[in-house]
Amino acid sequence: MTEGNKSPRADSKTIVVPFIPGDGIGPEIMTATRRVLDASVEKATADAVEFRWLEVLAGEKAYKTTGSWLPDDTLRIISENGLAIKGPLTTPVGGGIRSLNVQLRQSLDLYASVRPVRYFPGVPSPVKSPEKLDVVIFRENTEDVYKGIEWKCGSDEALKLIDYLRSELHVELSADCGIGLKPISETATKRIARAALRFAVRKGRPVVTLVHKGNIMKHTEGAFREWAYELARDEFSEHVMFEESASMEDASSSGKILVNDRIADNMFQQVLTRPDEYSVLVTPNLNGDYLADACAAQVGGLGVAPGANIGDRIAVFEPVHGTAPKYAGRNTANPTALILSGAMMLEHLGLTSASTMVEGAVGKTLSQGIMTGDLARRSGRPDSVSTSGFADTVIHNLV
Ligand code: NAP
C-alpha cells in the first residue's frame, strides 16, 4: 500500500480515501479524478476537509506485486474505511479466475449497483432529446443468473440435475443442456427495493418503477415485483402511492412518490419513447445490466457513465466502462465517468457542495465543447483535449 498526500492543515478534518487505480486507462483517469476531487473539496470546504489518498492494490498491479489479483489487505482496508474509489480492472481470461469486480461486490456485500443516468448538454447522443432521460438505476448485485451457479453441458452435475428433474419433478430436459440457476430471494429483493425507495424519499424523486420479466418467470422475476411492492406498502406507506389507484398527478399533488412496475422489454422502449416519465428504476441483476448500458448510450455512452456499488456499510465508486486497453498510457482516455463517480462519493461522504460543484464543472466543460477524443470524434469536432487537459478545465470551472 502506498500513500501520496500533502501535509494536512492543523485544524482540517482528514478523510482517508482508499483508491484502486485499476488497469489499462485506470491510472491516468484516476490521477485526473483525484486532482479534480482534491480541488473541489479544498474549494467547497475552504480547506476544512481534506482527503488522504491511500492506494490499495487489485488487478494486474496487485498480481505483479503480491501474486494475488485481489489481496486480502485490499478488502480489509476498504472494509475498515467503509469506502473506496476504483478504476476499471482487467478480468484475467482463463485459469478459472472469477471477475475481480464480482469478487469485490460479493466479498464486501455491495448489493446495490447504483447508476445515475442524465444528460450533459454538448455530449453527442444518438437520440433527439437526450435531456429527457434522468434516471437512477438500482440494480440488485448479488443474485439472479449473475450468482454464477451453472454447470457445463455433459458434466456429472448437469447430468445428475437433468436426471433428478426428470425423475422427481417430471421436467424433461435434453441431455445436451448446460444448466444455470436463477435464484431471486425475498431478502435480497427487499433490501434493493428499500435502498431505492430510501433514495427516492431523500432526493424527492417522483416515481419508483419496478422492472421485471414476471409475466414469464413468475417465481423469480414475478416474485421480485411482489416482494418489492410488499416492501413499499409495509415500510414506506406514508411516502408512496401506487399506480393501480393513483395517477402521477395524484401522487405529485400529495407530495408522494408513485410506485409502479414495467415488464422489462416494455421498459426498454419506454426509456426511449417516454423517458421523462421515469425517475428511479429497480431491477434484478441481469435486466439491470442491459438496461443501465442502454440508458447510458442514450446520454452519450460509457465514457460519461458513473456508478457505485453500495452495501449497508461499505460503498465502492467506479465508472461503468472497462480498461479500454488500446488507449492505455496515451493520456487520451475520457475521465468523465470516473470524475462523476467521484462526485457520487463526495455526496456519499456528506460533501454535497463539493459534489454539486464537480457535476457543475463537468457540465460546463462539456458544454464549452472541451472533450476528449471519444466524444469529440462523435461530435464531428476536429479538436480534442487530453485526459489531463480535460481535468485542468474541470478544475478551472469549479465554482
Ligand atoms: P471497455 O474497456 O469499456 O472499452 C470498450 C470501448 O469503449 C473502448 O475501446 C472505447 O471505444 C470505449 N471506451 C470505454 N471507456 C472509455 C474511456 N474512458 N475513454 C474513451 N473511450 C472509452 O470494454 P471492453 O473492451 O469490453 O473491456 C476491456 C477490459 O475491461 C476487459 O478486461 C473487461 O473485463 C474489463 N472491464 C472491467 C470493468 C470494471 O472494472 N468495472 C467493466 C467493464 C469491462 P472505441 O474503441 O470505440 O474508441
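Read the numbers this way: they start at 1 and go in the same order the structure lists the ligands and their atoms.
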I'd like to know if the side chain of [X] reaches the main chain of [Y], judged simply by a donor and an acceptor atom lying under 3.5 Å from each other, with no hydrogens or angles considered.
{"X": "R381", "Y": "G369", "result": "yes"}
{"X": "S254", "Y": "D250", "result": "yes"}
{"X": "E243", "Y": "N260", "result": "no"}

Using a strict 4.0 Å cut-off to heavy atoms of [X], name the atoms of ligand 1 that fall inside it.
{"X": "K86", "value": "40 (O), 41 (N)"}
{"X": "Y327", "value": "10 (C), 21 (N), 45 (P), 46 (O), 48 (O)"}
{"X": "R377", "value": "48 (O)"}
{"X": "L89", "value": "35 (C), 36 (N), 37 (C), 39 (C), 40 (O)"}
{"X": "I25", "value": "17 (C), 18 (N)"}

Please lay out, stage by stage, how E318 and N309 fare under the test side chain to side chain donor-acceptor pair (under 3.5 Å).
CA-CA 8 Å; E318 62 173 336; N309 291 293; 2.6 Å; yes
Would you say ligand 1 has an N or O under 3.5 Å from any N or O of G87?
no
Pick whichever of [options] has a heavy atom sitting closest to [atom].
{"atom": "atom 15 (N) of ligand 1", "options": "H321, R105, K326, E318", "answer": "H321"}
{"atom": "atom 39 (C) of ligand 1", "options": "T387, T90, N101, D293", "answer": "N101"}
{"atom": "atom 44 (C) of ligand 1", "options": "G322, A328, A324, P319", "answer": "G322"}

Assess V320 for proximity to ligand 1: is some non-hydrogen atom of it under 4.0 Å away?
yes
Go through the side-chain N and O atoms of D156 and W151 and say whether any donor and acceptor fall under 3.5 Å apart.
no
